[in-house]
Structure formats: structure tokens, C-alpha cells
Protein chains: 2
Amino acid sequence: MNKHLKVALAMPADVAAGIFPERVLDALESGATLLSREPMSEFTSPQSLALLAEADALITGWGTAMIDGSVLDSAPKLRYILHSAGTVRHHVGGACWDRGIQVSTAADANAVPVAEYTVAMIVLANKRILQVAREVREQRSMLPAHEIFPDLGNYNKRVGIIGASKIGRHVLRLLQCYELELVVADPFLSDAEATALGASKATLEELCATSDVVSLHAPSLPSTRNMINDGLIASFKPGATFINTARGELVDQDALLARIQQDDLHAVLDVTTPWELPAESPLYTHRNVLLTPHMAGSLGSELERMAMSTVAEAHRLARGEALKFRLPPEQRGLSA
Amino acid sequence: MNKHLKVALAMPADVAAGIFPERVLDALESGATLLSREPMSEFTSPQSLALLAEADALITGWGTAMIDGSVLDSAPKLRYILHSAGTVRHHVGGACWDRGIQVSTAADANAVPVAEYTVAMIVLANKRILQVAREVREQRSMLPAHEIFPDLGNYNKRVGIIGASKIGRHVLRLLQCYELELVVADPFLSDAEATALGASKATLEELCATSDVVSLHAPSLPSTRNMINDGLIASFKPGATFINTARGELVDQDALLARIQQDDLHAVLDVTTPWELPAESPLYTHRNVLLTPHMAGSLGSELERMAMSTVAEAHRLARGEALKFRLPPEQRGLSA
């Protein structure tokens, strides 16, 4: 196999140890030349400068130092930055874009576990599985589930996906295996694109008012702050479930809590505002809330999926192919 | 469309009201002739005898009375029994088989929600989502999930499926969308068949000793009673999760409880022995157990999936096509 790519690792040692174990580095070396198994955590030591002088590509990770013009001056061959996580704004400086360096991320791989969490929660919510399990536990009796919740079931229920983002699209992909009615709300999505995703397009208002489960997958931008406002929250169907794996600030949390406390809305929240809720928050203990600590994204073994996505990008380059997950240069400073 | 099939409903009125609502009967009539919207709950009244005299097919359900030789004597045109649930042994008498009547069931449709429940539980188990949510609730703090359970994640984990039954196959079908290592144990499955299901074949012993999640989908037969015995239970990996949506009697429940009480095994149990556990059973409240009351199968809206599967069978016959879910006559008295 051709190995026409010299790669160096640029991230803190503890990050590299977690996400690039030996077996991942072995995989990387099967299709590209790794200049050193020791990652560089800075760009100024003699060892780092020697690596920068040779590298065609840098593999970066959480906590990689800023790659600015002076770093690039030490890296005359550098053409690619392959990031093993989602956001590059903290380490890919404007100079990288100015010099035409191609940037790729593992955001798509990071979307997978969020979508898997979401789909599991949709199935549980439609069938009231956790609610019934709690009743069984508390009453120490095998209660008849369908008598407690006559409307349960995962057939012909309507699931609303807000945002045809990477994560929203992975959710829709997984849901194709289920017999659910899928609707998607996204101002930038055409009817034809929605159909191609196996869903029908709806306005945000229609989606919130008619879905049995509403799952939020919109980006966090100034324009999306508080987008799930008190009016939309009031419009949710009685007994509906709201899932938020995106960002707490997209939701009017006070209105959400008030509706939850009316006992006719369920919520699965992986994110809140503030991120660390005060201990007295009723969201910790309300019966209709399942609260998880921002764990839907990649954790544990799932970090290796992101590393392997980055390895696959390096192998594509070594074979003379294009990057699969290249960030469009015009997105610099936006979702990147 | 041709409507070359006259169909009658044979089940108790309350069962018919639940599983065959008006919209399902409308769907049935779009491709076959329904002799009456009133179901017959017995086979002796003048009304029932009039329906039996005309019917090419009976659609049956839970609680249908036994169809024996004397019923068949009143039904000279009857060639098909289309059952809208799983088991036909309670109402399809030997005379039906003897006279060559074709029998079809909705067992495949009934397998779908069980598989959906199972896959959701596998995703939750590998990521320790419910365990972390409980810690967050009890400690009122957004604890770092990966510090509580360092080995969490749904990537490269091994999932073992015991039994390539209808349900086991639906579980494997859904799991094809995930990046998990799938193994299947079934004495009647070849290596090639396992590969076609997207899994590799293992012995029951290998599967139990090496899987992160073990899910049981074997049939209940004299030979499978207690098949998950104390030795297999002792061999489960520390931290593994055992899921049982099949039957309680397939498992040595005392050995299972003892292992659970060692605090290094998690269990998701939709079935137990006895079916209604005594109130003092520790399975109700142990932290590592999620107990649900035999609810993985079709409930609520999912009943309509079974009805629609039966409708589709009637439509196939009306079009002159073969049944899709015909029971092989040689299975009379076995899994049927």
C-alpha cells in the first residue's frame, strides 16, 4: 500500500493516551507514516519543531494548542489538519484557513452515540417502559402496563426531529428500521430532502403540537437561543416526551419545568441550563424527568470511533483520495 | 382489485374491538370481502353458522374458541385460518391440520416490539445510562459518567444473542445499524446462516463468558428449561448485563439473583419465575435490576401491527398469492 502521507499527533499526552491507544496507532500505521508515537502537546520544543518540519498532516484532539501563523511557518509541508473530535475553533487559527489547509473533523462519528441514545429514549418513551418499571418497583407487583398507560406502543406514533443536523440525520437513519411516523423541522431543509431522509417536513409549530416524542437536534447559535419557547412548550401534546441532547440554552427551561410539573409532559434531558444544575433543582427528582449528565456524546469506548474516523481520513489522503469529512472553508467560525 | 376471498372474524368481541378497530377493518375490506363486521365468539349460533357456511378464511385472535372437526363440518369452504397473534395451539385443532387448512400467524409482527425493547436495553446497558441517571438523581449532581463507569460505550462491545428465533433475528437485524460485535448461539444455525445475520456463531458457553450483554431469545421447550444454568451464570463477565424477554423458566433464577447480589451483574428482566413475583422478591428493588411486567411484546398501538399483518395475509390470498407467514404443517404442536 502507498503510504504517501506523513502524520504527526498534536494533542496533550493524556488525551492521546485515551483516544489513540496502541491498537489505533497500529491501525494508523497500516496506511500512513506516523512520524512519532509521542504526541506533541506544544509547538515550540525542538522535538515538536522537528515533527512540524516533516508533517503533511496533523492529527489533533481535545486541548490541541492553537495552530497560528507562527506554527505554520515551522510546518512548510503541512496541508491537512485531521481533528479527532468535533469543534476546531479552539485550535485551528485563521491562518490555517488563509493558507488553504484542509480541515476534517470527527463530528460525524461523534454524532453516532448521541443518535443511539436518542433512539433508545424514543423507544422507551413511546412504550412507557421506564415509567412502568418504576411502578413495578415501587408497588412490588407486576402491574399490567397497558392498563396504566393505555396509549403505549411503538407503532404509528409520531416522532418529531428538530434540526436536520448531523445528529438529527443519524437519528432519522436509525429510525428507518422502526414503524413510526417521522416529521422533521429545519428551515434549511427542502421537502425533497426531508423525503430522502424518510420523514415529512413540518414547521416547528406543527411538529411540537402533534408529535408524541419531540427530539431537539438544532445547533447552538444566537438565533436558536430559547427557540423552544414557552408557547411551543405549552403546545406539546398531553403525555408527550421532550428529549434534549443538544444544548440547554435552546430551551426556556422555566417553562419546561412548569409544564413538567403539570404532570402531563415527560422529559429526557442530557443537557440543562446551567450545565451543572443547582442541587435544589426539581429536575433532579421529578418523576417525569430522566436526567443524564451530558453523556449522550462519545464517552468510553466511543472515543475510539472518533479516532478511527480520523485514521480513515489519513488513509484516504495516503491513497490519494479526498477527505470524507472536510469542513467547507466558508464555515470557518460557524458550526466548526 | 380482485376480492376473491370471503373472510369472517372469529374472536371475542372485546378482543376484536381492541385489535381490529374500524380503520383496520376498512383496510381489510380494501382487498378482501369481510362477511360481517361483527366477530363470532362461538361457532354454534345461527349467525355464526351462516358465516361459517360462506367463509374462505377465518381471522382469529386471543380467545378464539377451538376449531375442531364439528366446526369444520359447518365450514365447507374454509381453507385458511389467519391468526392475529402468536400461538395457535389453543384454537387450531388437529382436524384443521388433518384437512389441510393453511394456518398463518402474526408471530413475526409480535416479535418486532420485543426486538425493539431489547435493542434499546442493549444501548442503555453498554452506556450505563440508567445507572448514571440514578446516581445523578440520588446525588443531585451532574456526575461525570465515564468516571463512574470507565468502560461504558456502544462501540466494539460484544453482544451475545441466544437463539436465532424470530425475535433473535429481528434483534440482529436492528443491531446491524450499530458498531457492535455480534455473536449468536443456536444449535440449529450454521456458520453461514450466522454470517448472513451479521453475527458470528458461538457456543452457548463461549457467548456467556465473553459477551458484555447477553440477551435470551430461545423457545420455551422441555429441553430449554433451566438452560441458563448456574454454571453459565457464574461465567458471565463482571459488569455484564443479562436480558430476558423470553420466559422465566429458561433461567436458574436463584443462581441469577445470587450473582446479581454480588453486585457485578446487571439484569433486565421482562419475565420471571413465577410470572408474578412474590412481593418480597429482591428482584423488585435491587439496584442492578430493571424489572418490567412482560411488556416487551405487543401492547397498545402495537396490537395494530399484528392486525395489519393479518390483513396483509388476507390481501395476499385475495390476490392469489401465497401466505407469507404460513406455519409449516409439520410444526403442529411444537412452537405453534
Side-chain angles (χ1 to χ4, degrees), chain A residues 112-113 116-117 119-124 126-130 132-133 135-137 139-146 149-157 173-174 176-179 272 275-281 284-285 289-296 298-305 308, chain B residues 112-113 116-117 119-124 126-130 132-133 135-137 139-146 149-157 173-174 176-179 272 275-281 284-285 289-296 298-305 308:
Chain A
V112 170
E116 293 174 346
Y117 171 108
V119 169
M121 292 301 175
I122 290 169
V123 170
L124 296 179
N126 276 328
K127 194 118 184 210
R128 304 295 193 214
I129 290 170
L130 298 181
V132 172
E135 293 291 329
V136 165
R137 172 182 293 245
Q139 301 196 32
R140 288 179 164 268
S141 174
M142 296 300 241
L143 302 157
H146 58 288
F149 298 103
D151 64 342
L152 58 73
N154 272 294
Y155 183 71
N156 279 351
K157 294 296 176 72
R173 171 180 62 81
L174 290 173
Q176 296 311 305
C177 296
Y178 296 77
E179 291 170 277
T272 54
W275 144 238
E276 178 80 40
L277 286 174
E280 66 273 18
S281 171
Y284 277 117
T285 51
V289 177
L290 185 81
L291 186 65
T292 55
H294 203 6
M295 70 182 292
S298 299
L299 286 179
S301 74
E302 294 157 353
L303 302 179
E304 195 166 319
R305 179 189 281 117
M308 290 303 290
Chain B
V112 170
E116 293 174 346
Y117 171 107
V119 169
M121 291 302 175
I122 291 168
V123 169
L124 295 180
N126 276 327
K127 195 123 183 203
R128 304 293 193 217
I129 289 170
L130 298 182
V132 171
E135 292 290 330
V136 165
R137 172 181 292 245
Q139 301 196 31
R140 289 179 164 269
S141 173
M142 295 300 241
L143 302 158
H146 58 289
F149 297 104
D151 63 341
L152 58 73
N154 273 295
Y155 183 72
N156 279 351
K157 294 294 177 72
R173 172 181 61 81
L174 290 172
Q176 297 310 306
C177 296
Y178 296 77
E179 292 171 276
T272 53
W275 145 238
E276 178 80 40
L277 285 174
E280 66 272 18
S281 171
Y284 277 117
T285 50
V289 177
L290 186 79
L291 186 65
T292 55
H294 203 5
M295 69 182 292
S298 299
L299 286 179
S301 74
E302 293 157 354
L303 301 180
E304 196 166 319
R305 179 190 281 116
M308 290 302 290

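So you know, we letter chains A, B, ... as the sequences are listed, proteins then strands, and number each from 1. These numbers come from a predicted model, not from an experiment.
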*Interchain contact, B:Ile122 with chain A, by part (heavy-atom threshold 4.5 Å)*: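 Neither part.
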Taking all heavy atoms of [X] and all of [Y], pick out the closest pair and write down the distance.
X        : Y        : result
A:Asn156 : B:Glu304 : ND2-OE2, 4.0 Å
B:Cys177 : A:Cys177 : SG-SG, 3.7 Å
A:Ser301 : B:Lys157 : OG-CE, 4.0 Å

Tell me, side chain or backbone of [X] under 4.5 Å from chain B's heavy atoms, or both, or neither?
X        : answer
A:Arg173 : side chain
A:Gln176 : neither
A:Leu174 : side chain
A:Leu303 : neither
A:Val123 : side chain
A:Asp151 : neither
A:Ser281 : backbone
A:Tyr178 : both
A:Val289 : backbone

How far does [atom1] of [X] sit from [atom2] of [Y], to the nearest 0.5 angstrom?
X        : Y        : atom1 : atom2 : value
A:Asn154 : B:Leu299 : CG    : CG    : 11.0 Å
B:Leu290 : A:Leu124 : CG    : CG    : 8.5 Å
A:Tyr155 : B:Arg305 : OH    : CZ    : 6.5 Å
A:Met142 : B:Leu277 : CE    : CG    : 5.0 Å

*Top contributor to chain A interface from B:Arg128, B:Arg140, B:Glu280, B:Glu276 [non-hydrogen pairs under 4.5 Å]*: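 Most heavy-atom pairs within the cutoff with chain A belong to B:Arg140.
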*Hey, which of A:Leu152, A:Thr292, A:Val136 has the most heavy atom pairs under 4.5 Å with chain B?*
A:Leu152
*Among A:His146, A:Glu135, A:Met295, single out the residue with the greatest number of heavy-atom pairs under 4.5 Å to chain B.*
A:Met295
*In terms of side-chain geometry, is the basic nitrogen of A:Lys127 or B:Glu116 positioned less than 4.0 Å from the acidic oxygen of its partner?*
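So A:Lys127 does not pair with B:Glu116 through a salt bridge.
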